[in-house]
Amino acid sequence: MADRLDFDAYVQQRWEPLLRTAVLLTGDAHAAEDLVQEALVRAARHWHRVDPGAVDTYVRRVMYTRWIDAWRWRRRQPDPVDTTEHDGLRHVVGEADGADALATRLTLLDALARLTPKQRAVLVARFYEDRTEVDAARVLGCSVSTVKSQTRHALDRLRVLAPELAATFGREESVR
């Protein structure tokens, strides 16, 4: 019973941060909810074995691997020019201080949606969650060199897709 109460408390406390990360990964609010729910179902099955100090890491790793695995199996990516994916993303973008800040955030979301799922996962882990390359590699289940190369390729692609972000934030800040 204590495990169930601990799990329920975790879900109540961490739902929104997990959902924000999932929206950045998937580019779609509905797919993000499905991803978080699937990760939590998998975590609930093994809750008694999860280290209490590493619960967030465990759940986020499940989210990352499920997202990448699902993409690999489907072998299809959303149409990069499809703008319907941004329905429901306002809660991630948040209320910006002004129209310019909102426009910048929407441009970033659009550019992220055009990356491959693996590139998007690496950028979210590295910059949104502020993880080191080693930690991101551990969470994503890949090598550090893969994280480095995917980060480099993703940043290069973002610079092509949204050069105005580089001018706004500078070279490395364009993904934050």
Side chain of Arg114, backbone of Leu109: donor and acceptor closer than 3.5 Å?
no

Taking every heavy atom of Arg131 against every heavy atom of Ala136, the minimum-distance pair comes out as CB-N, 4.1 Å

Parallel, tilted or perpendicular, judged at 30° and 60°: which one describes the rings of Tyr10 and Trp47?
tilted

Listed partners of Tyr58 passing ring pair (Phe, Tyr, Trp, His ring centres under 6.0 Å), at least two apart
none

What distance do Asp51 atom CG and Arg49 atom CZ have between them, rounded to the nearest 0.5 Å?
13.0 Å

Has Arg120 got a side-chain atom pairing as donor or acceptor with Thr26's backbone, closer than 3.5 angstrom?
yes

What I'd like to find out is whether the side chain of Met63 reaches to under 4.5 Å of the side chain of Val36, using heavy atoms alone.
yes

Please walk me through it: do Thr146 and Ser149 pass side chain to side chain donor-acceptor pair (under 3.5 Å)?
CA-CA 5 Å; Thr146 298; Ser149 67; 5.2 Å; no

Just so I know, are the side chains of Arg60 and Pro17 near enough to count as touching, which here means a heavy-atom distance under 4.5 Å?
yes

Of all heavy-atom pairs linking Glu33 and Trp15, the shortest is O-CH2, 4.2 Å

Could you grab the distance from atom CG of Leu140 to atom CZ of Arg61, nearest 0.5 Å is fine?
8.0 Å

Shortest non-hydrogen contact from Ala121 toward Tyr64:
O-CE2, 3.6 Å

Derivation and outcome, side chain to side chain contact (heavy atoms under 4.5 Å, CB included), residues Asp28 and Val23:
CA-CA 6 Å; Asp28 177 71; Val23 168; over 6 Å; no

Look up atom CG in Leu25 and atom CZ in Arg66, then write down how far apart they are to the nearest 0.5 Å.
13.0 Å

State the CZ-CD distance between Arg152 and Gln119, to the nearest 0.5 angstrom.
11.0 Å

Does Val144 belong to the same Ile/Leu/Val/Met/Phe/Trp/Tyr cluster as Leu155, with side-chain heavy atoms less than 4.5 Å apart forming each link?
no

Where do Ala22 and Leu35 come nearest, in terms of heavy atoms and distance?
CB-CD2, 4.1 Å

Leu123 and Leu158: side chain to side chain contact (heavy atoms under 4.5 Å, CB included), yes or no, with the steps?
CA-CA 11 Å; Leu123 290 185; Leu158 281 178; 3.6 Å; yes

Nearest 0.5 Å, please: how far is CZ in Phe7 from CG in Leu40?
5.0 Å

Between atom CG of Leu115 and atom CZ of Arg157, what is the distance when rounded to the nearest 0.5 Å?
6.5 Å

